[in-house]
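Within every chain, numbering begins at 1; the chains are lettered A, B, ... in the order of the sequence lines, protein sequences first and strands thereafter. Values reported hereafter were calculated over all heavy atoms of this structure, with side chains retained and with hydrogens, waters and symmetry mates removed.
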Amino acid sequence: CSESDLGPISLNWFEELSAEAPS
Amino acid sequence: DVVEQLTPVPLDDLREESLQLVSKLKDCSSSCAVDVSAVWWEAAGCRELCVVTASESSVSLWKPLPAACWGRVYTWLFGEIPVIQIVPLPDTCNLVCIALGELEIGEIRLLLYSSENDSFKQSLVKTGNIKAVLGLKGRRLVSSSRTVQEQQVEIVSLSEAGRSKDGQTLMPPEETVLAFAEVEGMRDALVGTTAVNSVVVWNLKTGQLLRKMHIGYSYPASICHRAYSDAGLLFVVLSHPHAKESESCGNAAFRVIAFNPTTARSAAVTFSSLPPGHAGRQVPRGPRAGFVILGYLEGDVKDASAAAVLTSGAIAVWDLLLGCCVALLPPDPAGTWALARWATTTACLLAGQRDGTVCLYRY
């Protein structure tokens, strides 16, 4: 899988999505 | 992309010898075996890997004895509602859950040994129209249940004595959740697959629904088995027991899909096809007419290994990273296989027959 297929990859996706998602 | 460059393993190279029969267990009282599982059980200070077998009306605990024999320790009996599934709780001792119901799960019960009064007990954990249930690390149980108006996704924590502690609710997606998988390498993450073919991700600590990612209609009726987090990607092992055979889908029983949770884009990593001669058959009538049942009845995934019973009566084992079938257990002369479960590791495979016979294979 390359970044061109999947878009920009973030190692901190879990923390970033947790900060954005409604709680 | 990776798997397409690999040379498929010829059927002749699939060695039954890679599965070595260690011992056999026969539940003579069982009319029809519905599930089997391995569970750690401690008695008199000795912790052993025991086997749990379930029939529609009873669940039995078996402990290893000398000379590769098994002895029944205890049998829990049940009334009108049939047992349909064993729900193991990973990393626990002296506890196992079971699901009871007709077409779908109506209640979940906990089976345990209580040292307080030196007795085997059972207790009711949850009732409802339960669509999916999974035992999580840390003596927790996650389930999705549905009322007419809404869906509830709930985690129940169990004490060592088996009592239900405070529950936690996870934010439900609009569509029904049909399967769950813990995310290895990320303790607070949980994934699920839904009735409209999406993978959803939760934060277990906060209960937030973090992301919904569509799998694509070329992979219909996907069920998640395992998930792994690595290098910013979420790798999810999916199976497609009722997939329609097509150019894009082939006869894959399992796929590993890489999701980028940041963008919700995905890409196929490997697909594990049915071995030659075990492909599916077309369904001639009924609502699924025209569909191909892929010859995959039910199975289990642990680490990077999958095992499944095929409609041909054989059990196949796949290496999900290589995307190939690595062992094949032909139908036993005494009867075809009905159940395939990994014990606590992939070193041991539990292969069950409907008459209650369970064979333990070293893999």
Side-chain angles (χ1 to χ4, degrees), chain A, chain B residues 1-5 153 168-174 182-191 199-216 227-236 255-271 321 323:
Chain A
C1 306
S2 68
E3 202 151 311
S4 59
D5 296 329
L6 296 167
I9 292 166
S10 169
L11 295 178
N12 301 317
W13 64 268
F14 189 76
E15 292 75 18
E16 288 166 7
L17 292 178
S18 296
E20 291 167 11
S23 51
Chain B
D1 289 339
V2 175
V3 76
E4 283 165 4
Q5 292 160 12
V153 182
Q168 184 200 353
T169 304
L170 303 184
M171 194 176 287
E174 285 169 16
E182 275 192 288
V183 180
E184 289 180 32
M186 195 165 267
R187 186 176 162 77
D188 294 329
L190 178 75
V191 303
V199 166
V200 288
V201 186
W202 288 277
N203 181 330
L204 282 175
K205 241 181 187 168
T206 62
Q208 290 166 294
L209 179 63
L210 299 182
R211 186 59 102 192
K212 190 163 76 177
M213 302 177 285
H214 199 247
I215 300 163
Y228 315 86
S229 173
D230 190 39
L233 296 174
L234 189 61
F235 296 87
V236 183
R255 286 172 197 267
V256 180
I257 308 283
F259 290 92
N260 181 354
T262 303
T263 61
R265 288 194 215 165
S266 64
V269 179
T270 62
F271 57 90
L321 296 180

- Query: Quick one: are L6(A) and L233(B) in side-chain contact, heavy atoms under 4.5 Å?
  - Reply: yes

With the side chain counted from C-beta on, respond yes when S23(A) and T206(B) share a heavy-atom pair under 4.5 Å apart, and no when they do not.
no

Taken to the nearest 0.5 Å, the spacing of E20(A) CD from T262(B) OG1 works out to 8.5 Å

Tightest non-hydrogen contact, residues S18(A) and N203(B), listed as OG-ND2, 3.0 Å

message: Has N260(B) got a side-chain atom pairing as donor or acceptor with P8(A)'s backbone, closer than 3.5 angstrom?
response: yes

Contacts of E174(B) meeting side-chain hydrogen bond (donor to acceptor under 3.5 Å, both in side chains) (sequence neighbours excluded), chain-then-number -> none

Okay, L209(B) and chain A: the region with an atom under 4.5 Å from a heavy atom over there is backbone

With sequence neighbours left out, the residues meeting ring-ring contact (aromatic ring centres under 6.0 Å, His included) with W13(A) are none

Whatever's closer than 4.5 Å to a heavy atom in chain A on D188(B) counts as both

For W202(B) and F14(A) the tightest heavy-atom approach is O-CE1, 3.9 Å

